[in-house]
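Below, each value reflects all heavy atoms present in this structure, side chains not excepted, and no hydrogens, waters or symmetry copies.
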Amino acid sequence: MASIRARRTVVSVVAGGLVALGVLAPGPAGAPPLPRAVQVDGAVDSPSPKVPRPPQLPADFQGTGRYIVRDLGIDVPFTWQGRDGNSQMIAGGQEYPIWFTNLIYENTLYTLTYKWPNIPLFPPRPCSKIPGFFNRQIFNDKLKTARFVGPEILQGEKDRHVDHWRVGVVGGSTVPGEFFRFPIALGDIYVDQRDPSQWWQVLQFGLQNLFDPELDEWFTMTTFDHRPGVVSLPDRCPPPTS
């Protein structure tokens, strides 16, 4: 759901850091009490809390917002659009200190960095085509493994009631106990409580953010709707996986 980073994942969802977003920083919200179920004999049971549906990236959408790297003082325009299952993120632009795009395009994951602090503009960086088959379905399957953190409120000009999810990629042993393992990527995803395909904020932390000393990034959305967007593969990117 930020840059070359030869191993960047979109979710640039999922796919996907941060500590302070000012007024947009997520704050805990008290969940409304769950209704109690009344049995036939008049006894009252407390229902088990229901875990909401996990985040999912829709096939068609348009979103605008801000891309933020707090340790670098970067806060630039951000767009994220999807059409027919393809999707594209664009952060910054030619007039900003950073400019990059990430795409899921025809079963292929791409990242292309035009500008980044301390990265030479010339020669231009090549478009990185991440090896392997990757598409929206694979991304959404990974999101199904996300852990529910809880309901929260994103405070800003308009308070947004969201569900907070966490999804990670860990290297090493998958067996519980004292075995070697290490974090590769972590994403905190905030989606609308009524519609988990409506994304409002993402924090990404991990090795996919190698250009940033703190290895983290935010993007926060101001608008997000389900109209088909515009997705275009840059000319310098190689053809997609067949």
Side-chain angles (χ1 to χ4, degrees), residues 1-2 8-18 21 24-35 47-68 78-89 91 102-104 109 134-170 185-206 208 216-229 231:
M1 247 260 257
R8 165 160 220 93
T9 50
V10 173
V11 167
S12 232
V13 76
V14 133
L18 333 20
L21 260 191
L24 291 177
L34 293 169
S48 300
K50 291 184 178 180
V51 175
R53 291 176 295 153
Q56 293 285 278
L57 185 68
D60 298 305
F61 63 94
Q62 296 184 30
T64 61
R66 307 294 296 182
Y67 172 83
I68 299 167
F78 177 81
T79 63
W80 190 14
Q81 302 191 57
R83 189 179 190 91
D84 297 330
N86 295 326
S87 62
Q88 182 173 18
M89 295 177 171
N102 294 322
L103 300 99
I104 299 175
L109 183 62
F134 190 85
N135 58 22
R136 185 180 69 96
Q137 184 60 55
I138 293 173
F139 182 60
N140 281 338
D141 286 345
K142 179 59 181 176
L143 290 175
K144 291 177 183 178
T145 69
R147 280 83 69 194
F148 181 53
V149 178
E152 297 185 12
I153 296 176
L154 299 181
Q155 295 178 313
E157 293 183 5
K158 178 180 180 181
D159 289 351
R160 301 190 189 280
H161 292 255
V162 297
D163 285 329
H164 178 182
W165 294 83
R166 177 164 295 163
V167 61
V169 178
V170 177
L186 178 70
D188 280 85
I189 301 169
Y190 302 81
V191 293
D192 191 275
Q193 290 181 356
R194 295 167 298 180
D195 181 0
S197 69
Q198 190 164 23
W199 295 51
W200 290 121
Q201 188 163 282
V202 172
L203 157 66
Q204 294 189 132
F205 178 87
Q208 76 273 17
D216 67 5
E217 64 183 350
W218 283 103
F219 61 81
T220 181
M221 309 306 296
T222 315
T223 66
F224 195 99
D225 62 67
H226 292 80
R227 293 176 295 135
V231 178

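The minimum heavy-atom distance linking Val191 with Pro55 is given by the pair CG1-CB, 3.9 Å. Taking both residues in full, the closest heavy atoms of Arg160 and Thr222 are given as NH2-O, 3.0 Å, listed atom of the first, atom of the second, then distance. Closest non-hydrogen pair, Pro58 versus Trp199, comes out as CD-NE1, 4.4 Å. Arg147 and Val167 make their closest contact through NH1-CA, 4.0 Å (heavy atoms, listed as atom of the first residue, atom of the second, distance). Scanning both residues, Val51 and Phe148, for their nearest heavy atoms gives CG1-CB, 3.9 Å. Shown here for Ile104 and Asn135, the closest heavy-atom pair between the two residues is CG2-CA, 3.8 Å.
Taking CG of Asp195 as the start and CH2 of Trp200 as the end, the distance is 10.0 Å to the nearest 0.5 Å. With rounding to the nearest 0.5 angstrom, the CG atom of Leu143 is 11.5 Å from the OG atom of Ser197. Between Leu57 atom CG and Ile189 atom CD1 the span is 9.5 Å, to the nearest 0.5 Å. Atom CZ of residue Phe205 and atom CD of residue Gln208 lie 9.0 Å apart, to the nearest 0.5 angstrom. To the nearest 0.5 Å, atom NE2 of residue His226 and atom CZ of residue Phe224 are 5.5 Å apart. Atoms CD1 and OG1, from Ile68 and Thr220 in turn, are 6.5 Å apart once rounded to the nearest 0.5 Å.
Arg53 is linked by a salt bridge (Lys or Arg N to Asp or Glu O under 4.0 Å) to nothing, counting only residues two or more places apart in sequence or in another chain. For Asp225, the salt bridge (Lys or Arg N to Asp or Glu O under 4.0 Å) partners at least two apart in sequence or on another chain are Arg227.
Listed for the Arg66 side chain is no donor-acceptor partner under 3.5 Å among the backbone atoms of Met221. Using modelled atom types, one side-chain atom of Lys142 and one backbone atom of Gly168 make a donor-acceptor pair closer than 3.5 Å. Put simply, the side chain of Gln81 never gets that close to the backbone of Met89: no donor and acceptor are under 3.5 Å apart.
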Inset, instruction - Please lay out, stage by stage, how Val231 and Leu103 fare under the test side chain to side chain contact (heavy atoms under 4.5 Å, CB included). - result: CA-CA 8 Å; Val231 178; Leu103 300 99; 4.1 Å; yes
Inset, instruction - Show your working on salt bridge (Lys or Arg N to Asp or Glu O under 4.0 Å) between Asp188 and Arg166 and close with a plain yes or no. - result: CA-CA 5 Å; Asp188 280 85; Arg166 177 164 295 163; 2.8 Å; yes
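Put simply, the side chain of Gln56 reaches to within 4.5 Å of the side chain of Lys144, judged on heavy atoms. Side-chain contact check for Pro196 versus Trp165: every heavy-atom pair is 4.5 Å or farther apart. Under the 4.5 Å side-chain criterion, counting only non-hydrogen atoms from C-beta, Asp159 is not in contact with Leu154. Between Asp163 and Pro52 the shortest side-chain heavy-atom distance falls below 4.5 Å.
For the residue pair Glu152 and His164, a side-chain donor N or O sits within less than 3.5 Å of a side-chain acceptor on the partner.
Ring geometry, Trp80 versus Phe219: the interplanar angle exceeds 60°, so the pair is classed perpendicular (tilted spans 30 to 60°).
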